[in-house]
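In listed order, ligands and their atoms are each counted from 1. We count residues from 1, following the sequence as given. Keep in mind that what you see is a predicted model, and the values were worked out from it rather than measured.
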Amino acid sequence: MRAFVLTAPGEASVQEVPAPVAVPGEVVVDVERVGVCGTDVEFFTGEMAYLHEGHSAYPMRLGHEWAGTVSAVGDGVDPSWLGRRVMGDTMLGDRTCRACRRGSQHVCARRQEVGIRGGRPGALAEQLAVPAWSLHPLPDPVDAVLGALVEPGGNALRAAQAAGVGPGDRALVLGPGTIGLLTAMSCARPAPRCT
Ligand SMILES: [Zn+2]
């Protein structure tokens with residue numbers, strides 16, 4: 001299959017790579033839409049801290065804001081995922097440590113991050129393999145463009161909820177990128193709290 005491969009700072013190309021296989025507990029997704037994040041730009045320039053801390057290394061396959069359709073399931077995965085439109089979590093914790101058991105897999109010391117950390121290939125490719133437990137089904141009205149915005153949208157929603165902004169309050173959002181704008185929207189129209 002084709003994938004966007006970053007081989008060094010400022011050096012990337014579309015390459016033929018082996019298609020992913022659905023190993024036990026995982027699925028393969030046919031990718032329909034992928035966002036490009038500020039993190040991806042930092043990997044392209046070589047500035048991303050993970051490159052210097054040993055969490056990531058070239059060659060890399062980027063892409064962690066994605067939407068697609070499940071096309072294969074590994075052993076132990078509910079076959080009803082086949083054909084479903086999905087997006088998925090970026091942060092893949094080990095699911096065993098104290099942070100993970102408290103729902104904070106984003107700070108798990110042993111986490112992988114899709115297209116970012118720990119050698120887990122990203123979604124800027126025709127196909128992507130991820131654990132079934134990291135999937136979220138997309139309702140029909142949420143198209144692939146919006147589906148790829150769920151991941152940055154989740155960041156923004158968490159940030160807005162952490163700020164605790166209520167009616168009549170004023171809030172300053174620093175940074176006018178996608179997540180900054182989504183954070184401002186989330187502050188202006190608070191959504192029901194996630195549980
Ligand atoms: Zn953990």
Participant: Answer yes or no: does atom CZ of R33 have more than 12 heavy-atom neighbours from other residues, nucleotides or ligands under 6.0 Å?
Facilitator: no
Participant: So, using side-chain hydrogen bond (donor to acceptor under 3.5 Å, both in side chains) as the criterion, who are the partners of S71 when residues are at least two apart?
Facilitator: D30
Participant: Do any protein N, O or S atoms sit under 2.8 Å from the Zn ion (ligand 1), and which ones are they?
Facilitator: D94 OD1, C97 SG, C100 SG, C108 SG
Participant: Kindly compute the distance separating CD (E113) from OG1 (T39), expressed to the nearest 0.5 Å.
Facilitator: 8.5 Å
Participant: Taking T90 for its side chain and H64 for its backbone only, find out whether a donor-acceptor pair lies under 3.5 Å.
Facilitator: yes
Participant: Can any side-chain N or O of D78 pair as donor or acceptor with the backbone N or O of S80 at less than 3.5 Å?
Facilitator: yes
Participant: Compute both the distance and the angle, then confirm whether R95 meets the cation-pi test with W133: under 6.0 Å from the six-membered ring centre, within 45 degrees of the axis.
Facilitator: yes
